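First comes the structure, then the notes that go with it.
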Amino acid sequence: QMLIAEIYEKRGLEQYAFEEYQKLVDEHPKFDRNEEALKRMYEITSRFLDGQWFRWKLPYQDTVFIPVGPSMNRTSGMFNQIVTNAPYGTYAAQAQYGIGQAHEKRLSGFWGFFASESEYEKAADAYQLLADRYSRRPEDGDRPNQAILDDIVATARFRMANLYEIQANEGIYDQSMANRAIDAYMDFRFLHGKDPNQAKRMDEAAARIKAMRMERARGLKAIAEYYEERYKWVAAQKYYGRLVDAL
């Protein structure tokens, strides 16, 4: 079974190799090379995330294939399978992050024309699950790959805040989504403020929070001036008061 998977991989039929590695994990759970198979599955899926094309093999032979293009939908499903195989395995957190990345990539480039805005929510949900599942808690001991896990969790929280900010700035400014982004950036700063590896992101998060608060202040100022120009003194006073609070 391992040889079949390796042969498919060497022939460039990598999604078929992935399927054979999966059969190996399912049918021989105690095989001593399963960790290697999971690693190969993760590396194959990462290449598809980077844009490698899927190939459809013509039936009843193993050499002729037709390129069918990249698919972030299939890629997210493959990452999800890796997580399902071993939710706390060596590659689980990276694969969970890959799910979020695949949903984000569905929104970019030519393929974004066929993607729904629900991909934002799916990506954010993937990052949230990653943070919930792999964050280090006070009672936990260090895992063998703890430094990698800490960085992935921090990256996922930062990306989640980025996604909320992007949605807030699309089309008409969405104040509720901006507030979600600010809260997410503040959570990131609170939870990872002592991590020296996140210092650059700390500064960026602070700058983004200030920028969104200023955008909110500009909106309140414009509304206040609108009412003032029309002699709506009570409404103008109300929005100038909210402007002062915002600043």
Side-chain angles (χ1 to χ4, degrees), residues 1-65 67-68 70-103 105 122-123 125-157 159 195 197:
Q1 190 70 57
M2 190 76 173
L3 283 171
I4 293 170
E6 289 173 345
I7 290 167
Y8 272 132
E9 190 172 359
K10 287 181 179 180
R11 287 184 171 177
L13 298 169
E14 293 188 307
Q15 72 267 32
Y16 295 96
F18 183 98
E19 293 169 3
E20 297 300 329
Y21 285 127
Q22 184 60 48
K23 287 180 185 177
L24 174 69
V25 172
D26 289 340
E27 297 172 8
H28 307 281
K30 295 184 179 181
F31 183 50
D32 59 4
R33 293 182 66 191
N34 276 359
E35 185 69 15
E36 181 184 346
L38 290 171
K39 178 183 179 183
R40 300 302 305 145
M41 293 170 73
Y42 174 73
E43 290 173 348
I44 288 169
T45 312
S46 295
R47 288 196 286 273
F48 286 127
L49 181 65
D50 290 338
Q52 180 170 306
W53 282 35
F54 284 84
R55 294 170 171 178
W56 178 66
K57 178 175 68 68
L58 296 182
Y60 307 112
Q61 56 78 53
D62 293 318
T63 56
V64 181
F65 61 83
V68 294
S71 171
M72 290 301 116
N73 189 46
R74 292 179 68 180
T75 300
S76 66
M78 292 166 73
F79 274 129
N80 188 65
Q81 184 61 60
I82 295 169
V83 176
T84 301
N85 288 336
Y88 292 93
T90 304
Y91 305 98
Q94 293 97 316
Q96 184 64 40
Y97 185 76
I99 294 172
Q101 287 284 283
H103 285 300
K105 287 195 173 188
K122 291 176 182 177
D125 287 347
Y127 295 140
Q128 184 65 64
L129 178 59
L130 190 158
D132 291 343
R133 181 178 286 170
Y134 302 108
S135 292
R136 176 164 32 178
R137 293 166 178 78
E139 66 274 10
D140 292 342
D142 283 352
R143 300 171 188 170
N145 56 343
Q146 191 63 60
I148 295 173
L149 286 176
D150 290 344
D151 185 66
I152 292 173
V153 168
T155 302
R157 284 201 173 101
R159 284 303 309 150
D195 186 348
N197 296 320

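Keep in mind the model is a prediction, meaning the values are calculated, not measured. Numbering starts at 1 and runs along the sequence shown.
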Return a table of donor-acceptor pairs under 3.5 angstrom between the side chains of residues 85-93 and protein atoms on other chains or two or more places apart.
residue	atom	partner	partner atom	Å
Asn85	OD1	Gln22	NE2	2.9
Asn85	OD1	Gln81	NE2	3.0
Asn85	ND2	Gln22	OE1	2.8
Asn85	ND2	Gln81	O	3.3
Thr90	OG1	Glu35	OE2	2.7

Among all residues two or more places apart in sequence or in another chain, which pass the side-chain contact (heavy atoms from CB on, under 4.5 Å) test with [X]?
X: Pro67; value: Trp53, Phe65
X: Leu58; value: Trp56, Gln61, Val64, Ile66
X: Gln52; value: Glu14, Arg47, Phe48

At their closest point, which heavy atom of [X] faces which heavy atom of [Y], and how far apart are they?
X: Asn34; Y: His28; value: ND2-O, 2.9 Å
X: Val153; Y: Ala131; value: CG1-CA, 4.2 Å
X: Ile99; Y: Ser76; value: CG1-O, 3.9 Å

Tell me, please, which residues at least two apart from [X] pass salt bridge (charged side-chain N to carboxylate O under 4.0 Å, His left out).
X: Arg11; value: none
X: Glu20; value: Lys23
X: Arg74; value: none
X: Arg133; value: none

Counting C-beta onward and ignoring hydrogens, is there a side-chain heavy-atom pair between [X] and [Y] closer than 4.5 Å?
X: Arg136; Y: Leu149; result: no
X: Ile148; Y: Gln94; result: yes
X: Phe79; Y: Gln96; result: no
X: Ile44; Y: Met78; result: yes

Discussion item. Does Tyr21 form a side chain to side chain donor-acceptor pair (under 3.5 Å) with Glu36? I'd like the steps, not just the answer.
Written reply: CA-CA 10 Å; Tyr21 285 127; Glu36 181 184 346; over 6 Å; no
Practice prompt. First locate atom CD of Glu19, then atom CG of Leu13, and finally report the distance between them rounded to the nearest 0.5 Å.
Written response: 10.5 Å
Discussion item. Just verifying a value: how many Å separate Phe18 CZ and Phe54 CZ, rounded to the nearest 0.5 Å?
Written reply: 9.0 Å
Please name all residues satisfying side chain to side chain donor-acceptor pair (under 3.5 Å) with [X], sequence neighbours left out, ordered by chain then number.
X: Asp132; result: Gln128
X: Ser135; result: Arg157
X: Tyr8; result: Asp62
X: Thr155; result: Arg201

Worksheet item: So, Tyr16 side chain and Lys57 main chain: donor-acceptor pair closer than 3.5 Å or not?
Response: yes
Discussion item. More than 12 heavy atoms of other residues, nucleotides or ligands under 6.0 Å from NZ of Lys39: yes or no?
Written reply: no
